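Have a look at the structure below before the remarks.
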There are 2 protein chains.
Amino acid sequence: MTKITIKDVALRAGVSVKTVSRVINNEVNVRAEMQEKVKKAVNELGFRRNPLARALRNQQTSILSLLYSNPNPGYILEVQNGIQAQCDLDNYNLQILPCDHNDEHFFEKIESLLQRSSTDGVLLIEPLCDMPEVIDLLDKYKLPYALISPATSKPKAPFARSNDEQASYQMTEYLISQGHKDIAFIMGDPSHGDSHQRLKGYQNALAEYNISVDDTFFEQGYFTFESGEISARRLLSLKNRPSAIFASNDYMAAAVLKVAAQKQIKVPQELSIVGYDDTPVSKQIWPALTTVRQPIRDISSHATKKLIAQLNKCSFDEVKTLFECQLVVRESTSVWASD
Amino acid sequence: MTKITIKDVALRAGVSVKTVSRVINNEVNVRAEMQEKVKKAVNELGFRRNPLARALRNQQTSILSLLYSNPNPGYILEVQNGIQAQCDLDNYNLQILPCDHNDEHFFEKIESLLQRSSTDGVLLIEPLCDMPEVIDLLDKYKLPYALISPATSKPKAPFARSNDEQASYQMTEYLISQGHKDIAFIMGDPSHGDSHQRLKGYQNALAEYNISVDDTFFEQGYFTFESGEISARRLLSLKNRPSAIFASNDYMAAAVLKVAAQKQIKVPQELSIVGYDDTPVSKQIWPALTTVRQPIRDISSHATKKLIAQLNKCSFDEVKTLFECQLVVRESTSVWASD
DNA sequence: TTGAAAGCGCTAACAT
DNA sequence: ATGTTAGCGCTTTCAA
């Protein structure tokens, strides 16, 4: 089977290649009559244009790349789906470049990834989107990029993110409204910007309601189940243990639940637990976790939209970059009757 | 910044473009002297060859595509990583084509995905790899493909998979060795081939050990937490309830754990539960699940290797296509003292 | 061992 | 409104 080119189509339709090109690209200035002839030939021959030749000629590949180093499968997949949705709309393809930022040869690796792939633009997520070295590399290769949920307050690239701080504030406020005062907090990986946002929201809410919290109620976690378990063990061994624990993500919250179960502490009656992210696990444990849902898909789509706009040099000055999160109340929290 | 082409390099090095081409492709028949000159020029100019032009000329894109419709994030990510690992080795790039096989316009969608993307070959996972219509579509477009864990016993395309039936047999055998006789089974989605393999392994083990099991101990699930919950509710409401439940994946096993907790049935003392897949959730719940780990990464890498071999027309007749699974014993199972 | 020239399939100038 | 031609950057005949 030989490839069908526009030459073949032109021959068959009895027109020039340019006319064929015009038709398949929906350009104006083609008589309806010609249109018909060409379309007929295209169908008869089963012609499909070669994206490669197009790409070479147009100097654009219609490929976007997602560069990431992130261990959270549920999150990444949502991001991928969000990007893909926008790509579908704009006829782009999505290429993935997974890597490991803890790898010794990290920078060489992504450099080689970038080199051998041809891409029009790159999408970055945490923690890469906050690493200046990565940004510099992209700048060096003159690759346009957009950031998905960066922590930096004023990124110089297009970005979209959720209002983490506000969501964290609301979650804390919710716990307070349930009568909780002794609310412990397990922070996420300090190298992720989100961790700080979430902490801030929690602290602000406490301040707002004039609640002062014991230092022992703060734990540094790392977004992993294991780190959550360690923190939970400490928190739940305190003589005055908290009535509620706010874990910065669901994995750590699940770990708190485990430790509580082991210590025969009833959740939510004797302890309220909340997580963050609404990952699948939050529904797969019992009691199901009260958590925060981020519109990851929307955020990712939006960042992608901005990137594509930039590629097309369309000034896409839509102001919206901050997306609202949603409180998801499930079974791991309840009213606290102090004393 | 203008793009550096091999012309520029040739000029700088004072040789012909062909010589440059020879050097950057590590061809033979180039004098060391020339090599040096060219390499120097390449470095000085910061030349990087244009993958697009290469692709057009060579009629190969060096892009592989993963086409999938699968709701299991952990699984997909492992697959992606496995494919990527092989791609790294062979200098391919990975493009993802997520889709939804329950979508009304499913076939049109993947057809359009396939059309607008240029790819050398496609990798398929469950359930797509078992759908004849999908295979036909790929054949129609003359796209080479390989299958990751297909259910079909003798696929006509290159494939790699795990020995699910055997692993399922071993898991059942393990439960029997712990003294269990009343072992219930929750099957997975019947449209996934794995579901049947796992069932068969379970049945074979029971037969081998002359254990006959009540019909009420069989439940049809769909690999979702919700379906597992429904099945678990039935199983744990039986007057003679099973002493062990074998769920065909971890999500359903997690659901069994939930129902047991709600019914105050102690796991593993009063009920052993096992899952399958060793997904992250299996460690994020308490007690942690005894489960089966599939070498998903290896399987995916291997299928990719075969696909690439096929693309290069290398006859890659390595026989190994079946990968061993591994029993992961955690805390959700224990010895059963009958009576 | 090296080089000149053709061409992969397409689109944008530039004619007509 | 339509056609001719050049060329995107690379590799591959084929000739020297």
Side-chain angles (χ1 to χ4, degrees), chain A residues 1-39 41-42 45-63 91 115-120 142 312-313, chain B residues 1-39 41-42 45-63 91 115-120 141-142 312:
Chain A
M1 147 245 157
T2 45
K3 280 262 167 142
I4 313 288
T5 75
I6 59 171
K7 255 186 182 162
D8 302 312
V9 177
L11 215 65
R12 175 87 165 215
V15 300
S16 78
V17 289
K18 181 55 200 168
T19 304
V20 177
S21 176
R22 286 207 177 89
V23 173
I24 59 183
N25 288 304
N26 292 315
E27 283 179 39
V28 288
N29 293 344
V30 184
R31 277 212 318 263
E33 198 183 329
M34 288 280 173
Q35 294 254 14
E36 281 319 304
K37 277 203 285 187
V38 171
K39 280 183 180 160
V42 164
L45 261 29
F47 166 80
R48 283 168 301 125
R49 68 179 165 201
N50 184 330
L52 245 42
R54 244 175 95 77
L56 177 59
R57 176 65 236 220
N58 294 342
Q59 301 286 40
Q60 66 156 43
T61 61
S62 293
I63 294 176
N91 287 311
Q115 292 226 8
R116 78 155 181 265
S117 84
S118 38
T119 188
D120 289 344
K142 307 247 191 297
N312 300 333
K313 268 123 196 152
Chain B
M1 150 240 157
T2 45
K3 282 260 167 141
I4 313 288
T5 75
I6 60 170
K7 253 185 182 163
D8 303 312
V9 177
L11 216 64
R12 176 87 165 217
V15 299
S16 78
V17 289
K18 180 55 200 166
T19 305
V20 177
S21 175
R22 286 205 178 90
V23 173
I24 59 183
N25 287 304
N26 292 315
E27 284 179 39
V28 288
N29 292 343
V30 184
R31 278 210 320 263
E33 199 184 328
M34 288 279 174
Q35 294 255 15
E36 281 319 304
K37 277 204 284 186
V38 172
K39 281 184 179 160
V42 164
L45 261 29
F47 166 80
R48 283 168 300 126
R49 69 180 164 200
N50 184 330
L52 246 42
R54 240 174 99 77
L56 177 60
R57 178 62 238 221
N58 294 344
Q59 301 285 40
Q60 66 156 42
T61 61
S62 293
I63 294 176
N91 287 313
Q115 292 227 9
R116 78 154 182 265
S117 84
S118 38
T119 187
D120 289 343
Y141 285 122
K142 306 247 192 297
N312 299 334

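Note on naming: letters A, B, ... go to the chains in the order of the sequence lines (proteins, then strands), and numbering restarts at 1 for each one. Not measured: the values here are computed from a predicted model.
Remark: P of D/dC10 and CG of A/L52 are 14 Å apart, rounded to the nearest angstrom. When rounded to the nearest whole Å, the span between CZ of A/R54 and P of D/dG9 equals 17 Å. In this structure, the NZ atom of A/K7 is 12 Å from the C1' atom of D/dT5, given to the nearest Å. Going from atom CG of B/L56 over to atom P of D/dG7 covers 17 Å, rounded to whole Å. Atom C1' of nucleotide D/dG9 and atom CG of B/N25 are separated by 13 Å, given to the nearest angstrom. Atom CG in B/N58 sits about 14 Å away from atom P in C/dC8, given to the nearest Å. Counting to the nearest Å, the P atom of D/dA1 and the NZ atom of A/K37 are 16 Å from each other. If you measure from atom CG of B/N29 to atom C1' of D/dC14, you get 15 Å, rounded to the nearest angstrom.
Residue A/T5 places none of its side-chain N or O atoms closer than 4.0 Å to OP1 or OP2 of C/dG9. A sub-4.0 Å separation between OP1 or OP2 of D/dG9 and a side-chain N or O of B/N50 is absent. In this structure, A/Q59 does not reach the C/dT11 phosphate: none of its side-chain N or O atoms is under 4.0 Å from OP1 or OP2. For A/S21, a side-chain nitrogen or oxygen approaches OP1 or OP2 of C/dT11 to under 4.0 Å. Distances shorter than 4.0 Å separate none of the side-chain N or O atoms of A/T19 from OP1 or OP2 on D/dT2.
If you take CG on A/N29 and OG1 on A/T19, they are separated by 11.0 Å, rounding to the nearest 0.5 Å. One finds the OG atom of B/S21 at 8.5 Å from the CZ atom of B/R49 (value rounded to the nearest 0.5 Å). Rounded to the nearest 0.5 angstrom, B/I24 CD1 and B/Q35 CD are separated by 11.5 Å.
At least one side-chain heavy atom of A/T5 sits less than 4.5 Å from a side-chain heavy atom of A/D8. A heavy-atom distance below 4.5 Å is not found between the side chains of A/K37 and A/R31. Between B/Y141 and A/R48 the shortest side-chain heavy-atom distance falls below 4.5 Å.
At the heavy-atom level, B/R22 lies under 4.0 Å from base atoms of the strands shown.
The residue among B/R31 and B/A53 whose nearest nucleotide of DNA chain C lies closer to the 5′ end is B/R31. Checking B/R57 against B/V30, the closest nucleotide of DNA chain C that is more toward the 5' end is the one next to B/V30.
Within 3.5 Å, no donor on the side chain of B/K18 pairs with an acceptor on the base of C/dA4, nor the reverse.
The side chain of B/V17 lies closest to C/dA5 when the candidates are C/dA5, C/dT11, D/dC10. Across C/dT1, C/dA12, D/dC10, the shortest atom-to-atom separation from the side chain of A/E27 is found for C/dA12. Closest to the B/S16 side chain, of the nucleotides D/dT2, C/dG3, D/dT11, is C/dG3.
The heavy-atom pair separating A/I63 from A/T119 by the smallest distance is O-OG1, 3.0 Å.
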Indicate every side-chain donor-acceptor pair of residues 50-59 of chain B with a distance under 3.5 Å to a residue at least two apart or in another chain.
| unit_1 | atom_1 | unit_2 | atom_2 | d |
| --- | --- | --- | --- | --- |
| B/N50 | OD1 | B/L52 | N | 2.7 |
| B/N50 | OD1 | B/A53 | N | 3.3 |
| B/R54 | NH1 | B/N25 | OD1 | 3.1 |

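Recorded end-axis angle for the helix from C/dT1-D/dA16 to C/dT16-D/dA1 stands at 40°, based on five pairs per end and rounded to 10 degrees.
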